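These figures come from a predicted structure and were not determined experimentally. Remember, it's 1-based here, ligands and their atoms both numbered in the order they're listed.
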Amino acid sequence: MNDQDYMNLALQLAESTKGQTSPNPMVGSVVVKDGAIIGMGAHLKAGEGHAEVQALNMAGGKAEGATIYVTLEPCSHYGKTPPCAELIIEKKIKRAVIATVDPNPAVSGRGIKRLEQAGIEVITGVCKKEANQLNDVFFHFMKYAVPFVTLKSAITLDGKIATVTGKSKWITSEEARLDVHTYRHTHDAILVGIGTVLADDPSLTTRLPNGGINPIRIVLDRNLRIPLHSKLVAGEEAPTWVFTTEQAPDEKRKELEEHGVTVISIKDFSIRTILQQLGKRGILSVFVEGGAEINGSFLQERAVNQVITYVAPKLFGGKLAPTSIGGEGFQEVEEALALEMIDVSRVGDDVKIISRLKEE
Ligand SMILES: Nc1c(/N=C/[C@H](O)[C@H](O)[C@H](O)COP(=O)(O)O)[nH]c(=O)[nH]c1=O
């Protein structure tokens with residue numbers, strides 16, 4: 001095994017914790033000595049031990065003179081736990097291989113400098129691209145302080161999300177609908193418009209065979225039309241936050257709050273303001289499940305980072321049948337939101353396309 005192999009193992013450890021470390025990044029670490037793995041670990045939950053601590057604890061006394069592989073630069077600041085850079089030095093590690101540096105400008109490069117000052121050989125950039133892709137949500141949040149937005153559509157071959165009479169169950173296959181739940185599990189929040197609530201009465205919970213983490217359920221509802229008997233209000237499986245305007249009826253606000261709903265009033269009812277508010281509340285990733293008007297608002301404000309499109313081999317036709325993105329739309333081709341398709345795969349009878357905003 002070479003540096004790349006050990007770093008890939010550390011990346012697999014990190015990836016295995018997807019969905020459970022927010023607001024922290026996913027990090028994996030492996031400690032190797034004389035060609036043998038003597039320690040490995042991952043950061044499992046915010047507030048708990050960092051990956052390096054887990055791996056070095058497992059290595060114990062054998063760590064002296066070993067090499068440590070970490071998918072993200074070791075921390076050098078006293079957060080909820082002591083700095084990993086100090087622990088690596090204390091354990092007399094000889095060589096540190098790091099995939100990517102910390103994006104946080106406040107600490108970027110400090111951990112590496114600390115290790116080098118202590119005479120440890122530091123190699124950076126091994127599997128850097130994979131390590132950055134793994135924590136794209138965390139890096140995005142560090143840079144912009146607003147959540148990374150994934151927009152999901154389930155459409156027919158002719159781009160419809162429902163028939164002309166509004167029927168939509170089901171367009172995509174059971175496997176594709178189950179795949180959607182893996183995104184609910186890994187996102188901090190799921191967001192829909194009041195139109196979807198009134199049409200589908202969704203629960204927006206994560207229903208995976210082996211369970212999963214429920215995202216916070218967010219509804220954009222200017223006039224507080226959400227019914228008190230809706231699953232999002234009556235159901236207690238996950239928090240529900242409703243964004244509304246100051247003109248919304250106080251009576252309804254109080255009733256919703258009595259049902260445990262968090263009502264957030266904002267002056268400027270724009271996607272940008274809503275994302276800023278979510279960022280302030282520690283939401284790093286949002287999964288937008290529509291409907292068409294909400295998707296249209298996100299597109300109009302160009303507040304989309306990733307698009308997951310499920311295409312079913314069906315044709316609905318109908319000039320008035322809704323497509324996945326409503327709103328005003330752009331006038332010119334040049335205004336299009338330019339993405340790149342980074343993955344196309346089959347899920348059940350359907351095709352799944354993952355597209356990302358082009359790196360600026
Ligand atoms: N109609 C289809 C979808 N429709 C999704 C709806 O807009 C809404 O998000 C769901 O009804 C959510 O409900 P719940 O949380 O499961 O109770 N989504 C899909 O992936 N495929 C389809 O065919």
Counting only heavy atoms, tell me which of [options] gets closest to [atom].
atom                    : options                : answer
atom 3 (C) of ligand 1  : K152, K169, E289       : K152
atom 12 (C) of ligand 1 : R217, R184, H181, R177 : R184
atom 4 (N) of ligand 1  : F287, Y310, W170       : W170

May I ask you to check if R217 and W241 form a cation-pi contact, with NZ or CZ under 6.0 angstrom from the six-membered ring centre and within 45° of the axis?
no
What do you reckon, does K231 put a non-hydrogen atom under 4.0 Å from ligand 1?
no
What side-chain donor-acceptor pairs closer than 3.5 Å can you find for residues 1-14, not counting sequence neighbours?
unit_1: N2; atom_1: OD1; unit_2: Q4; atom_2: N; d: 2.9
unit_1: N2; atom_1: OD1; unit_2: D5; atom_2: N; d: 2.8
unit_1: D3; atom_1: OD1; unit_2: Y69; atom_2: OH; d: 2.6
unit_1: D3; atom_1: OD1; unit_2: R95; atom_2: NH1; d: 3.3
unit_1: D3; atom_1: OD2; unit_2: R95; atom_2: NH2; d: 2.6
unit_1: D5; atom_1: OD2; unit_2: N2; atom_2: N; d: 2.8
unit_1: N8; atom_1: ND2; unit_2: Q4; atom_2: O; d: 3.2

Which ligand 1 atoms, with their elements, are less than 4.0 angstrom from a heavy-atom of [X]?
X    : result
V180 : 20 (O)
S203 : 14 (P), 15 (O), 17 (O)
L204 : 14 (P), 15 (O)

Salt bridge (charged side-chain N to carboxylate O under 4.0 Å, His left out) contacts touching residues 289-309 (sequence neighbours left out)
K152-E289, R184-E289
Side chains of S173 and D349: donor-acceptor distance under 3.5 Å anywhere?
no
Short side-chain donor-acceptor distance under 3.5 Å, T100 and N132:
yes
Q331, CD: over 12 other non-hydrogen atoms inside 6.0 angstrom:
no
Within a reach of under 6.0 Å around CD of E175, are more than 12 heavy atoms found that belong to other residues, nucleotides or ligands?
yes
I171, portion touching ligand 1 at heavy-atom distance under 4.0 Å
both
Side chain, backbone, both or neither: the part of T172 lying under 4.0 Å from ligand 1 by heavy atom:
both
For atom 13 (O) of ligand 1, the closest protein heavy atom turns out to be P202 CB, 3.4 Å
re atom 1 (N) of ligand 1, the protein heavy-atom contact at minimum distance is S168 O, 2.9 Å
Quick check: does [X] get an N/O under 3.5 Å from an N/O on ligand 1?
X    : value
A154 : no
R207 : yes
D200 : yes

Would R114 and E86 pass as an ion pair if we require N to O under 4.0 Å?
yes
I'd like to know if D158 pairs up with K314 as an ion pair, taking the criterion as any Lys NZ or Arg NE/NH1/NH2 lying under 4.0 Å from an Asp or Glu carboxylate oxygen.
no
